[in-house]
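Just below is one structure, and these are the notes that go with it.
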Protein chains: 2
Amino acid sequence: MKKDKDASTEEKIIEAARKVFTRKGYAATRTRDIAQESGLNLALLNYYFRSKEKLFEIIMAEKVVQLFGTIAPIVNNMDTSLEKKAGDIADAYITMLVNNPGLPLFVLSEIRNNPQMFGDKIHAGKILTESYFVKQIQERRPDINPLHLMLNLLGMSIFPFICQPVLEGANVITGRAFESLVAERKNLIGIWFNALLEA
Amino acid sequence: MKKDKDASTEEKIIEAARKVFTRKGYAATRTRDIAQESGLNLALLNYYFRSKEKLFEIIMAEKVVQLFGTIAPIVNNMDTSLEKKAGDIADAYITMLVNNPGLPLFVLSEIRNNPQMFGDKIHAGKILTESYFVKQIQERRPDINPLHLMLNLLGMSIFPFICQPVLEGANVITGRAFESLVAERKNLIGIWFNALLEA
DNA sequence: GTCTATAACCTGATAGAC
DNA sequence: GTCTATCAGGTTATAGAC
């Protein structure tokens, strides 16, 4: 884990851009915010990255991989059971999202704002339709569209983080308590998913 | 259902603002976009609503009520069982969201972008902690934080709509097929929620 | 490579004719 | 009430000194 102390100027800008873009979205962030957050000045952003848009594309590509790539190795593992995979997926997502709580809302909003910009760039399609995990679901429950169960599993893992700003704002559950709650879910979701497989 | 033909100028602007704000979010919409969408000119927006921000506040307040108010009458109904309520909530949300698929992503993003602006304005707190529905969950499963089951139920209902732009963009499921899929869930979610209650 | 100053452009809001 | 033209301020990007 490199720290700011010895980070290159380029890396300082990237790190600041990560923070600001993911917190406020593309349209609402000002390049001045990124410059200030990085402790550097505005001109350097263009010196290193040519434009706000180019800088954004770098961050966005990185975040798309982070969101959709987290479970890629799990869903195509041919050596684990359906039940094990479900638990692994929940665990992987929650562990990653506790450190990046704003990630899903950021990526999904930006895709909404610019649908044509992605499309093919997202391997979510493969995970949701062609993965070994989906095949295992189909074998177990040939009577139901496997997408239903995928959405339930991903929703149970990711949805709490999408709601976090509301839960915080409405004082339903905040800070550490929220983190404890989602940590509990690492184990519960596997159990719940099994129940859904039987239902 | 009034149509544009006899809608007042004020209503034309509101209707255009609804469309543009919910599709692109506050920061990314230009008042010019709203003017064009309404078929009117820029100056009229300020004539009727003073500023972009005031116009936005009207739309946002409306959308917050739409998102959080949809299930308010259901969760406090003292005459229905836990199981019935779960099915009713799924049905109410999905029915409403098929006509407003972008609503959750819009409202949740804007709250993230401006957390302090809301906070108290959202009765989500009451629904998630003080509703009769939550009491019924606690009675049935005193061993688990009822928020877990609320998040699962709301996630199963709402999460597919949050993913819709990705599902469309990655060609996983589009248009009519998506609508059929979520329609199926109106009945399935009640069954699934019962399974979670037992798990 | 890094900075300050500024150009070029865009956006929200208004003035004023009709 | 509605429109065109325009202002004032902010934002991205660049020029040019160091």
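Below, chains carry the letters A, B, ... as their sequence lines are ordered, and counting in each starts from 1.
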Q: Just compare C:dA13, C:dT2, D:dT4 and give me whichever is closest to any side-chain atom of A:Leu44.
A: C:dT2
(Q) Can you measure B:Arg32 atom CZ to C:dA13 atom C1' for me and round it to whole angstrom units? (A) 10 Å
Q. Atom NZ of A:Lys54 to atom P of D:dT14: distance rounded to whole Å?
A. 12 Å
Q.
Of the options C:dT4, D:dG1, D:dT6, whose atoms approach the side-chain atoms of A:Asn41 most closely?
A. C:dT4
**Q.** Nearest-angstrom distance from the residue atom CD of A:Glu10 to P of C:dG1
**A.** 9 Å
Q | Spacing between A:Ile13 atom CD1 and C:dT2 atom C1', to the nearest angstrom | A | 10 Å
(Q) Measuring from the side chain of A:Ala43 (C-beta onward, heavy atoms only), which nucleotide among D:dA15, C:dG12, D:dT2 has the closest atom? (A) D:dA15
Q | Atom-to-atom span, NZ of A:Lys12 to P of C:dT2 - whole angstrom | A | 8 Å
Q.
Going by side chain to side chain contact (heavy atoms under 4.5 Å, CB included), name the residues that satisfy it together with B:Asn77, two or more places apart in sequence or in a different chain.
A. B:Asp79, B:Thr80, B:Lys85
Q) Of the nucleotides C:dA13, D:dA13, D:dC3, which has the atom closest to the A:Asn46 side chain? A) D:dA13
Q. What nucleotide among D:dT14, C:dT2, C:dT11 has an atom nearest to a side-chain atom of A:Thr9?
A. C:dT2
Q: Indicate, yes or no, whether a donor-acceptor pair under 3.5 Å links the base of C:dG12 to the side chain of B:Arg30.
A: no
Q: Measure from NZ on A:Lys52 to C1' on D:dT11 and round the result to the nearest Å.
A: 8 Å
Q) Are B:Phe161 and B:Phe178 an aromatic pair by the rule of ring centers under 6.0 Å? A) yes
Q) In whole Å, what is the span from the CG atom of B:Asp33 to the C1' atom of C:dG12? A) 12 Å
(Q) Under 4.0 Å, counting only non-hydrogen atoms across every strand here, what does A:Leu45 touch: a base, just sugar-phosphate, or nothing? (A) nothing
Q) Which of the following nucleotides, C:dA13, D:dA13, D:dT2, is nearest to the side chain of A:Ser51? A) D:dA13
(Q) Base, sugar-phosphate or nothing for B:Tyr48? Non-hydrogen atoms, less than 4.0 Å. (A) sugar-phosphate
Q: Could you tell me if the ring centre of A:Phe56 sits under 6.0 Å from that of A:Phe21?
A: yes
Q. Does NZ or CZ of B:Lys52 fall inside the cone over B:Tyr26's six-membered ring, less than 6.0 Å from its centre and within 45° of the axis?
A. yes
Q: Compare every heavy atom of B:Leu67 with every heavy atom of B:Met96, then report the nearest pair and how far apart it is.
A: CE-CA, 4.4 Å
Q: Starting from C1' on C:dA13, measure out to CG on B:Leu42 and report it in whole angstrom.
A: 8 Å
